[in-house]
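Have a look at the structure below before the remarks.
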Amino acid sequence: MPFSQKILQWYAENKRELPWRSTTDPYKIWLSEIMLQQTRVAQGTPYYLKFVKHFPTVVHLADAPEEEVLKLWQGLGYYSRARNLHATAKKVAYKMNGEFPDSYAELIKLKGIGDYTASAIASICFGELQPVVDGNVFRVLARYFGVDRPINDSGGPKYFKKLAREVMPLEEIREYNQGIMEFGAIQCAPKKPYCLHCPLNESCVALQKNKVHELPIKLRKTKVRNRFFNYLVVLGQNEQGESVSILNQRTGKGIWQNLYEFPLVESEARIGLDTLKKSIPSNLQPDLINEINLYNEKEIVHKLSHQHLHTRFWIVKTTAVISKGIPLKDLEKYAVPVLIAEFMKAFKF
DNA sequence: AAAACGGGGAC
DNA sequence: GTCCCAGTTTT
């Protein structure tokens with residue numbers, strides 16, 4: 001039996017019931033695919049359910065303010081996905097009559113949709129003959145066919161896409177594409193594949209050569225940059241006498257674009273109170289600050305894929321009236337990074 | 001071609 | 001600690 005038929009048979013017997021498996025609505029498939037980019041099913045599923053409930057159609061999503069989209073996305077990471085999601089929703093809703101394109105060629109033109117996602121939507125929703133190549137497929141193909149070429153050198157992805165196209169079936173592309181990914185996620189797992197009772201173990205090159213744990217080959221280690229964050233948690237009052245604090249929106253390039261955070265003083269290394277005081281932005285009216293207390297002596301090291309954020313929170317009490325302050329009860333309405341959300345939860349304003 | 005971009009779970 | 005997840009965009 002050919003490779004693709006084995007995959008289809010395995011999938012028929014082992015598929016999980018997932019919320020997006022019972023529809024071919026391009027909106028819902030698109031939503032699930034964007035959310036699952038570089039994200040495990042278990043982590044993405046609650047967000048998918050939340051979004052479908054909150055935004056039943058692409059028009060609902062398009063009509064929402066970006067702030068609302070980011071708030072619902074909070075905690076899922078890679079926030080450019082949320083911003084691109086919203087931009088594409090607007091385009092589909094307002095310029096394409098609310099209907100997603102029905103081909104790979106048109107889908108890949110949309111923001112946030114690359115080769116994988118265009119292939120997934122085109123095949124799953126419209127039956128177009130496009131093989132998907134995600135992290136699971138790289139692994140399954142590299143092992144089964146014994147490909148020792150790196151998956152991420154120049155031409156690597158193209159090589160695997162071609163191989164994927166050569167071995168895909170001409171029928172049942174919907175089930176096959178989902179099947180090979182599911183097979184990679186469940187059976188041909190990265191660390192502990194179940195080779196003993198694998199339906200492909202008699203013809204798997206990696207297994208025969210005892211190279212299962214060496215494949216796929218991936219180049220590059222991520223080098224991490226250390227950064228030192230000092231957040232100023234301002235406590236004051238507004239004109240109405242309400243207790244307020246301050247949040248700023250991150251703009252420009254870099255991490256957490258368009259999310260909110262406390263006023264930030266970044267430094268080259270850990271700093272003390274004296275150095276911090278000299279760095280406080282003038283718009284915080286440093287002369288009207290009563291006292292500053294360090295919340296956490298021990299740095300919180302928040303780890304991103306390319307950065308370690310050594311973070312300390314400083315509680316800044318002021319008698320000055322903060323006219324643009326955010327009432328404490330409203331803080332939770334803003335989209336913030338997990339680092340900030342965890343502080344808010346622990347601090348209990 | 002390489003780096004940037006989150007957060008969490010498995011080991 | 002390391003690896004990597006239904007990848008895409010920017011430099």
Side-chain angles (χ1 to χ4, degrees), chain A residues 11 15-16 18-21 28-48 70 73-85 87-88 107-121 123-124 130-140 150-158 160-161 164 174 176-186 188-193 213 216-225 227 250 252-259 301-309 335-342:
Chain A
Y11 185 56
K15 70 183 283 192
R16 291 170 290 181
L18 300 174
W20 48 87
R21 290 241 165 105
K28 292 180 178 173
I29 298 299
W30 166 68
L31 208 47
S32 71
E33 293 300 346
I34 301 296
M35 288 178 166
L36 293 176
Q37 289 168 3
Q38 293 292 285
T39 305
R40 291 170 192 283
V41 167
Q43 188 187 2
T45 299
Y47 287 83
Y48 172 82
L70 284 172
W73 197 274
Q74 179 180 311
L76 195 53
Y78 283 164
Y79 296 94
S80 66
R81 291 184 294 170
R83 298 191 303 270
N84 288 333
L85 184 85
T88 290
L107 285 162
I108 202 169
K109 295 177 182 173
L110 299 172
K111 282 185 183 174
I113 298 185
D115 174 72
Y116 163 76
T117 305
S119 300
I121 299 173
S123 63
I124 295 171
Q130 293 286 348
V132 293
V133 182
D134 72 336
N136 294 306
V137 177
F138 275 123
R139 184 169 56 256
V140 172
I151 63 174
N152 61 339
D153 66 358
S154 69
K158 198 171 186 176
F160 278 87
K161 179 86 176 179
R174 289 182 171 87
Y176 171 78
N177 271 344
Q178 295 178 81
I180 190 171
M181 291 191 285
E182 187 86 333
F183 179 81
I186 307 292
C188 193
K191 295 293 171 58
K192 288 191 167 184
H213 292 282
I217 293 174
K218 198 172 188 177
L219 303 177
R220 252 187 260 139
K221 304 269 188 243
T222 60
K223 50 177 178 291
V224 174
R225 174 162 71 119
R227 303 177 70 179
R250 289 186 72 95
K253 308 199 175 299
I255 59 173
W256 302 333
Q257 251 177 66
N258 296 8
L259 272 65
V301 184
H302 188 75
K303 294 178 179 177
L304 309 179
S305 35
H306 292 75
Q307 306 181 15
H308 286 184
L309 308 177
V336 298
V338 165
L339 173 63
I340 301 297
E342 287 182 340

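In this text, all values refer to a predicted model and were calculated from it rather than measured experimentally. By convention in this document, chain letters (A, B, ...) are assigned in the order of the sequence lines, proteins followed by strands, and residues within each chain are numbered from 1.
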- Would you say the side chain of Leu309(A) lies within less than 4.5 Å of the side chain of Ile255(A), judging by non-hydrogen atoms? yes
- Note on the structure: Ranking Gly155(A) and Gln307(A) by the position along DNA chain B of their nearest nucleotide, the one closer to 5' is Gly155(A)
- Message: Side chains of Trp256(A) and Ile340(A), heavy atoms from C-beta outward: is any pair under 4.5 Å?
- Response: no
- Task: Could you give the distance separating dG6(B) and dT10(C) at their P atoms, to the nearest angstrom?
- Result: 13 Å
- Contact class for Gly254(A) vs. all strands (heavy atom < 4.0 Å): base, sugar-phosphate, or nothing? sugar-phosphate
- Can you tell me if Thr88(A) uses its side chain to pair, donor with acceptor, with the backbone of Lys111(A) under 3.5 Å? yes
- Message: Please classify the nucleic acid contact of Gln257(A) as base, sugar-phosphate, or nothing, using heavy-atom distances under 4.0 Å.
- Response: nothing
- Of Gln43(A) and Lys303(A), the one whose closest nucleotide on DNA chain C sits nearer the 5' end is Lys303(A)
- Heavy-atom distance under 4.5 Å between the side chains of Tyr11(A) and Phe183(A), does that happen here? no
- Where chain A begins and ends its contact with DNA chain B, read 5' to 3' at 4.0 Å from heavy atoms: dA1(B) to dG9(B)
- Query: Taking the same atom, P, in dA6(C) and in dA10(B), what whole-Å distance lies between them?
  - Reply: 12 Å
- Task: Classify every nucleotide of nucleotides 6-11 of chain C by which part a protein heavy atom approaches to under 4.0 Å, writing B for the base, S for the sugar-phosphate alone and - for neither, in 5'-to-3' order.
- Result: BBSS-S
- Does any N or O in the side chain of Gln130(A) come within less than 3.5 Å of the main-chain N or O of Ser123(A), such that one atom is a donor and the other an acceptor? no
- Query: Is Trp20(A) close to Ile124(A) at the side-chain level, that is, under 4.5 Å between some pair of heavy atoms?
  - Reply: no
- Task: Please name all residues satisfying ring-ring contact (aromatic ring centres under 6.0 Å, His included) with Tyr116(A), sequence neighbours left out, ordered by chain then number.
- Result: none
- Message: Measuring only between side-chain heavy atoms, which start at C-beta, is Lys161(A) closer than 4.5 Å to Ser119(A)?
- Response: yes
